[in-house]
Amino acid sequence: MSTDELMQHAANFAGPRGRRRLVALIAAAKVPARPGELAGEEVVMASFRTQAAKPPFAGRQSVKATLARLLTIKVGALCAAMLGVGGVALAASTGTLPGPLADLGLGHRPASTGQAPAPGRPAADPARSTHANPAPPAVIARCKDYLGWDQARRWRAIGHPDVRDLETNAHSQDPNAVAHYCGQVQASPSVPVRPSPSAPPRHPHSPGTPPTADPSPPGDGSPTPTDLPSQGALEVTSPDAPPDGGQ
Amino acid sequence: MIGDAPTAEQPALTPAIATAQEGDEEAFRHLYRTLQPLLLRYLQTLVGADAEDVAAEAWLQISRDLHTFKGDWDAFRGWTVTVARHRAMDHLRHIRRRPAVAVPVQSLLDLPADHDTAARAEEAVSTDEALALIGALPRDQAEAVFLRVLIGLDAQTCGRILGKRAGAVRTAAYRGLRQLARRLDTPSVQRVTPTVRSALKEVR
């Protein structure tokens, strides 16, 4: 039944005045925008401009970043576990831990430096040293700045775009962890940058550059249908996503 | 205005959707200006005076998720209404959790209390009066009239949005229109005022 038929059937229950008024009522309810009804237009347009300036699916990156962070926590835990094994292996190599570990060959592992590894991440680094890229000058410079800040400023800067890549590389937003990472960068610029394999960059940008700092010029980086990945990720993050409308 | 089928007066805006998805500001503005008035009026029947805030939230989400949309003008209208209704339901849940907050019916109650109504021509119905009368219907009928008759979504889409079968939506829209026609058959529509409060009470 079309809307018109629906109206006619319903209006049959009223007299001529009711029928005329029903038509007038529907027309009155459908009039174009009245003063005030578009009051929020500029706020909405500002939001649209912000979204349009982002690369395709940039809105999802916060979710992806969260997931990546969760994964890097696991990687961190793995590193810690490896550190434990490394410590045991070191003990085995120095002959202080005789027994099955020595039989497994861990005792023959050459100690690369001849001294105990510093506490923290470097103990696990030999395993992934082939993936290490030297820190780009921008990261080194930001690290220098970061180390010059007092603790209050470091806390204020958590999550700030300027320090986001440092946090990513440090696997933590904790200012102490970031400072530790930066200390390593200053001491040896070959400290791995973005070693986590769980966060492949969606867009080509230089290592260490935060994803949001992708300043595409207007009209150049606008999304095109071919840029869009599969719809799979949409339903997860947007309950109202079309075409089912979340209902 | 928005109807069942594209007309010369209101053509389908399917091309504008794709253009807006490419980042064209004016295309998106056009979509907003076309849909916002009815969306806002629909939200007024759901959340009263908070409709503007809820509509703004809905449009922020629409602008954010626009690139994920696939479909034509009909599907787009259905999607925007879905988003708006979800935000309205969230808002109502939030209000229920908040103790002792005044129900913002005052602005709606003020609308039909215009005593110049009687002086107008018999058939004349102002937009505010029309919206107040529709808003005074039982909620399922008011929503069905809005989505099916005013916004012009098909019964299946309305059913998906409202969580009902298409047949139930048709029935609700029909009953709503019938009740409106009966009510409008009386000499004056000023009697709408007392019923607005009860309808809003039902919504909340």
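Residue numbering restarts at 1 for every chain, and letters A, B, ... go by the order of the sequence lines. Hydrogens, waters and symmetry mates play no part in the numbers below; they use all other heavy atoms, side chains included.
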Beyond-backbone contact of L40(B) with L38(A), side-chain heavy atoms, under 4.5 angstrom: no
Flag side-chain contact, heavy atom, 4.5 Å: V44(A) against I62(B): no
Test: E42(A) and R29(B) ion pair at under 4.0 Å: yes
Nearest heavy-atom neighbours spanning A29(A) and L131(B): CB-CD2, 4.0 Å
Ion pair check, D128(B) and R34(A), cut-off under 4.0 Å: yes
Any R148(B) side-chain heavy atom under 4.5 Å of L6(A) side chain: yes
Steps toward side-chain contact (heavy atoms from CB on, under 4.5 Å) verdict (L177(B), I26(A)): CA-CA 9 Å; L177(B) 288 174; I26(A) 296 300; 4.0 Å; yes
CZ (R165(B)) with more than 12 external heavy atoms under 6.0 Å: no
Among the listed options P16(A), A46(A), A10(A), A11(A), the residue most often paired with chain B at heavy-atom distances under 4.5 Å: A10(A)
Neighbour count >12 (heavy atoms, 6.0 Å) for atom CD, E41(A): yes
Side-chain donor or acceptor of S47(A) paired with backbone N/O of S63(B) under 3.5 Å: no
Step-by-step side-chain contact (heavy atoms from CB on, under 4.5 Å) determination, Q51(A) to L66(B): CA-CA 9 Å; Q51(A) 298 295 332; L66(B) 179 67; over 6 Å; no
Side-chain touch R41(B)/E37(A), heavy atoms, less than 4.5 angstrom: yes
Minimum side-chain heavy-atom gap W59(B)-V43(A) below 4.5 Å: no
Parallel, tilted or perpendicular: rings of Y174(B) and H9(A) (30°, 60°): perpendicular
